[in-house]
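Each remark here refers to the structure printed beneath this line.
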Amino acid sequence: MSAPAPSPLEIVGVEPGQRPERQDEVLTGAALDFVAALHRRFTPRRDELLARRAEKRAEIARTSTLDFLPETAEVRAGDWRVADCPPALLDRRVEITGPTDRKMTINALNSGAKVWLADFEDASAPTWENVIGGQLNLSDAFERRIDFTDERSGKSYALRPAEELATVVVRPRGWHMDERHLECDGQPVPGALVDFGLYFFHNAQRLLDLGKGPYFYLPKTESHREARLWNEVFGFAQEYCGIPHGTVRATVLIETITAAYEMEEILYELREHAAGLNAGRWDYLFSIVKNFRDAGSRFVLPDRNAVTMTAPFMRAYTELLVRTCHKRGAHAIGGMAAFIPSRKDAEVNEVAFEKVRADKDREARDGFDGSWVAHPDLVPVAKESFDAVLGDRSHQKDRLREDVEVKAADLIAVDSLEARPTAEGLRNAVQVGIRYIEAWLRGLGAVAIFNLMEDAATAEISRSQIWQWINAGVVLDTGRQVTAELARQVAADELAAIRAEIGEDDFAAGRWQEAHDLLLRVALDEQYEDFLTTPAYAALRD
């Protein structure tokens with residue numbers, strides 16, 4: 001008998017003693033063959049689309065504007081709808097988000113939310129342990145062989161009955177990020193194909209047997225061409241694994257300004273696999289800054305916390321999303337409530353809960369079919385808002401919002417805001433940036449900072465605003481101009497404050513200086529870095 005052919009995928013940069021426990025259960029020969037097939041078939045097209053992003057950005061730099069695409073006018077005018085929604089995704093009134101560590105897996109599934117966004121992207125630092133461990137935790141959960149005991153508290157966690165568990169929707173990494181530990185033909189495999197491929201290969205049939213299916217959130221999408229690539233990936237994966245065509249369902253995060261002009265086209269490209277669209281916030285603002293960073297003062301954003309979803313250009317975006325989704329039979333999912341309840345301060349909780357309730361009430365009234373929360377304690381708050389509008393219905397896709405009319409200019413009317421950058425806003429951007437990056441470098445992607453659950457998107461908007469304010473010569477409310485020197489001073493002050501707050505031993509045990517240096521690098525470099533996580537990944541230790 002001949003020896004089996006070696007896998008076309010090579011695991012690199014992981015010493016035998018560093019390999020996660022049970023790694024071989026995930027990286028089986030058959031699973032690696034599948035990921036290699038995805039890579040060889042689709043990575044060349046991925047690379048072309050990333051190059052197209054740069055071309056689009058250069059076009060925006062020349063024109064300082066965006067418009068709906070004339071070449072796809074027939075798609076927008078056409079009479080088509082996305083595929084019927086599977087029963088497991090009909091009711092999405094509350095979705096909880098979070099990384100795929102073992103404790104979060106159990107808590108999210110048990111949270112009472114209808115959906116759990118199991119996140120391999122912004123809420124997860126892509127250490128090899130997190131990449132492999134997350135896959136194991138999901139498979140273990142579907143097999144009901146998962147539990148967890150907190151070493152500090154001694155508290156044990158176990159799954160509730162199957163009918164009480166949230167439906168899992170996995171978010172793989174965006175197209176731009178490679179997985180440095182898997183190479184095929186000497187080339188890194190895109191992280192998106194690793195996360196999708198391993199999850200789909202191991203769980204697609206298992207999920208069908210449970211009456212659900214392989215469902216995904218697609219992040220950082222910038223065009224309908226990128227959605228088309230995902231649709232081709234889904235078709236190939238289903239055929240390769242013998243899964244019925246159309247089993248996959250995907251919800252696309254409209255979290256880039258370019259995608260906001262192509263919502264209908266994105267749904268059209270994915271129509272046999274589309275479930276809906278989601279309206280994000282921080283990544284969307286980050287994308288506006290990134291694309292219009294040299295387009296003059298009218299695109300300068302104020303403090304990030306001053307840009308709410310009721311800002312005119314944000315309201316145009318969310319209302320257009322609801323109208324687009326419902327016109328095409330898809331779910332419209334609202335944004336994140338990131339507040340983390342305090343166990344010590346009831347007054348802080350009361351004020352925050354009222355803000356969350358007002359935000360979710362607005363989304364439900366506007367026609368959204370569901371929304372996101374970051375903490376289990378917020379599930380009943382959001383549920384109450386949507387219950388009041390939906391009642392016993394699973395969604396409100398019958399609300400077509402034909403009253404909504406959004407012009408191209410409305411989506412980029414940033415200068416409609418009255419708020420202006422402040423010194424406190426600059427300090428908060430530095431504080432959040434340093435504290436988040438430090439945790440990310442230690443392998444944590446979802447981090448509670450100042451009673452908010454922060455992920456990579458908030459770090460992106462924070463460092464982007466510093467860069468924008470410096471390069472636009474912004475003058476703060478104190479009368480002081482934002483300069484590189486000022487940013488360095490604020491960062492030094494914050495680093496000293498952290499050292500005093502946590503003590504010398506904890507400071508030395510952390511990665512605070514590296515986080516400080518990396519924030520200043522991506523905030524002060526003349527050449528704008530497209531994604532903070534790219535240089536951060538190079539510093540991430542496994």
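A distance-only check finds no donor-acceptor pair linking the side chain of Glu232 to the backbone of Ala227 [under 3.5 Å]. Side chain of His273 to main chain of Ala250: no donor-acceptor pair is present (N/O by atom type, distance under 3.5 Å, no hydrogens or angles). Remark: side-chain polar atoms of Arg393 are paired, donor with acceptor, to backbone N or O of Val389 under 3.5 angstrom. Put simply, the side chain of Ser464 gets close to the backbone of Glu460: a donor and an acceptor are under 3.5 Å apart. Panel note: side chain Ser111, backbone Ala113; a donor-acceptor pair is recorded below 3.5 Å. The closest donor-acceptor contact from the side chain of Asn130 to the backbone of Gly443 lies under 3.5 Å.
Residues Asn428 and Phe450 are in side-chain contact: their nearest non-hydrogen atoms beyond the backbone lie under 4.5 Å apart. Residues Asn137 and Ile106 form no side-chain contact, since every pair of their non-hydrogen atoms from C-beta on lies 4.5 Å or further apart. The closest side-chain heavy-atom distance from Asn451 to Ser342 is below 4.5 Å. Counting heavy atoms from C-beta outward, Val26 and Leu136 have side chains that approach closer than 4.5 Å. Within the 4.5 Å cutoff, the side chain of Tyr284 has no heavy atoms near those of the Thr256 side chain. Here the side chains of Val356 and His375 are not in contact, with every heavy-atom distance at 4.5 Å or above. Two residues are said to be in side-chain contact when any heavy atoms from C-beta on lie closer than 4.5 Å; Val169 and Arg249 fail this criterion. Annotation: side chain of Val307 is in contact with side chain of Leu285 (closest heavy-atom distance under 4.5 Å).
A salt bridge links Arg541 with Glu514: at least one charged nitrogen is closer than 4.0 Å to a carboxylate oxygen. Residues Lys360 and Glu384 are not paired through a salt bridge, judged by the lack of any N-O separation under 4.0 Å between the basic side chain and the carboxylate. Between Arg173 and Glu179 there is a salt bridge, since at least one side-chain N of the basic residue sits less than 4.0 Å from a carboxylate O of the acidic one. The residues Arg93 and Asp369 are annotated as not salt-bridged, no charged nitrogen and carboxylate oxygen being separated by less than 4.0 angstrom. At a threshold of 4.0 Å, the pair Glu354-Arg357 counts as salt-bridged, since one of the basic side-chain nitrogens sits closer than that to a carboxylate oxygen. Arg46 and Glu226 are not joined by a salt bridge, as no carboxylate oxygen comes within less than 4.0 angstrom of a charged side-chain nitrogen. A salt bridge is absent between Asp359 and Lys355; no separation between the charged side-chain nitrogens and carboxylate oxygens falls under 4.0 Å.
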Given Glu494 and Arg435, is the salt bridge (Lys or Arg N to Asp or Glu O under 4.0 Å) satisfied, shown in steps?
CA-CA 10 Å; Glu494 176 58 17; Arg435 289 167 186 257; 3.0 Å; yes
Walk me through it: do Phe201 and Tyr240 pass the test ring pair (Phe, Tyr, Trp, His ring centres under 6.0 Å)?
CA-CA 9 Å; Phe201 185 84; Tyr240 185 105; 7.2 Å; no
Verify salt bridge (Lys or Arg N to Asp or Glu O under 4.0 Å) between Glu121 and Arg171, making sure each step is shown before the conclusion.
CA-CA 6 Å; Glu121 198 230 2; Arg171 179 161 70 170; 3.2 Å; yes
Mind running salt bridge (Lys or Arg N to Asp or Glu O under 4.0 Å) on Asp209 and Arg206 for me, showing each step along the way?
CA-CA 5 Å; Asp209 295 341; Arg206 179 182 283 146; over 6 Å; no
Please step through side chain to side chain contact (heavy atoms under 4.5 Å, CB included) for the pair Val82 and Leu270, ending with a clear verdict.
CA-CA 8 Å; Val82 302; Leu270 282 161; over 6 Å; no
Side chain to side chain contact (heavy atoms under 4.5 Å, CB included) between Lys155 and Thr149, intermediate numbers included
CA-CA 6 Å; Lys155 184 177 179 181; Thr149 300; over 6 Å; no
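A donor atom on one side chain and an acceptor atom on the other are not found under 3.5 Å apart for Asp542 and Gln18. Between Thr100 and Thr105, the side chains place no donor N or O within less than 3.5 Å of an acceptor N or O (distance only, hydrogens not considered). Looking only at atom types and distance, the side chain of Asn278 has no donor-acceptor partner in the side chain of Thr251 under 3.5 Å away. For the residue pair Glu25/His202, the side-chain donor-acceptor check at 3.5 Å is not satisfied. Using a 3.5 Å distance cut-off with no hydrogens or angles, the side chains of Trp175 and Glu222 do not pair a donor with an acceptor.
For His516, the ring-ring contact (aromatic ring centres under 6.0 Å, His included) criterion is met by no residue, not counting sequence neighbours. In this structure, Phe142 has no ring-ring contact (aromatic ring centres under 6.0 Å, His included) partners at least two apart in sequence or on a different chain. Considering only residues two or more places apart in sequence or on other chains, His176 meets the ring-ring contact (aromatic ring centres under 6.0 Å, His included) condition with Phe531. For Glu504, the salt bridge (charged side-chain N to carboxylate O under 4.0 Å, His left out) criterion is met by Arg499, not counting sequence neighbours. The ring-ring contact (aromatic ring centres under 6.0 Å, His included) search around Tyr199 returns Phe216, not counting sequence neighbours.
The nearest pair of heavy atoms linking Thr43 to Leu193 is OG1-CD1, 3.8 Å. The shortest heavy-atom contact between Leu198 and Ala31 is CD2-CB, 4.1 Å. When all heavy atoms of Ala330 and Gly276 are compared, the closest pair comes out as CB-CA, 3.8 Å. The two residues Phe386 and Ser371 have their closest heavy-atom pair at CE1-CB, 3.6 Å. For the pair Ala332 and Leu321, the tightest heavy-atom approach, listed with the atom from each and the gap, is CB-CD2, 3.8 Å. Residues Pro376 and Ile96 share a closest heavy-atom pair of N-CD1, 3.7 Å.
A 6.0 Å sphere centred on NZ of Lys397 holds more than 12 heavy atoms belonging to other residues, nucleotides or ligands. For Asp150, the CG atom counts as densely surrounded, since its 6.0 Å shell holds more than 12 non-hydrogen atoms of other residues, nucleotides or ligands.
For residues 105-118, there are no salt bridge (Lys or Arg N to Asp or Glu O under 4.0 Å) pairs, not counting sequence neighbours.
Figure legend: cation-pi geometry between Arg180 and Tyr537, with NZ or CZ positioned under 6.0 Å from the six-membered ring centre and within 45° of its axis. Figure legend: Arg304 and Trp282 shown as a cation-pi pair, the cationic atom lying under 6.0 angstrom from the six-membered ring centre and within 45 degrees of its axis.
Between His395 and His326, the distance separating the two ring centers is not shorter than 6.0 angstrom. Between Trp230 and Phe42, a ring centre-to-centre spacing not shorter than 6.0 Å is recorded. Here the two rings, on Phe196 and Phe234, have centers that are under 6.0 Å apart.
In this structure, the separation between CG on Asp283 and CG on Asp455 is 7.0 Å, given to the nearest 0.5 Å. Taken from OG in Ser394 to CG in Leu89, the straight-line distance is 11.0 Å, to the nearest 0.5 Å. If you take CG on Leu532 and CG on Leu518, they are separated by 5.5 Å, rounding to the nearest 0.5 Å.
Looking at Trp116, Phe120, Trp372 one by one, the single match for ring pair (Phe, Tyr, Trp, His ring centres under 6.0 Å) with Tyr217 turns out to be Trp372.
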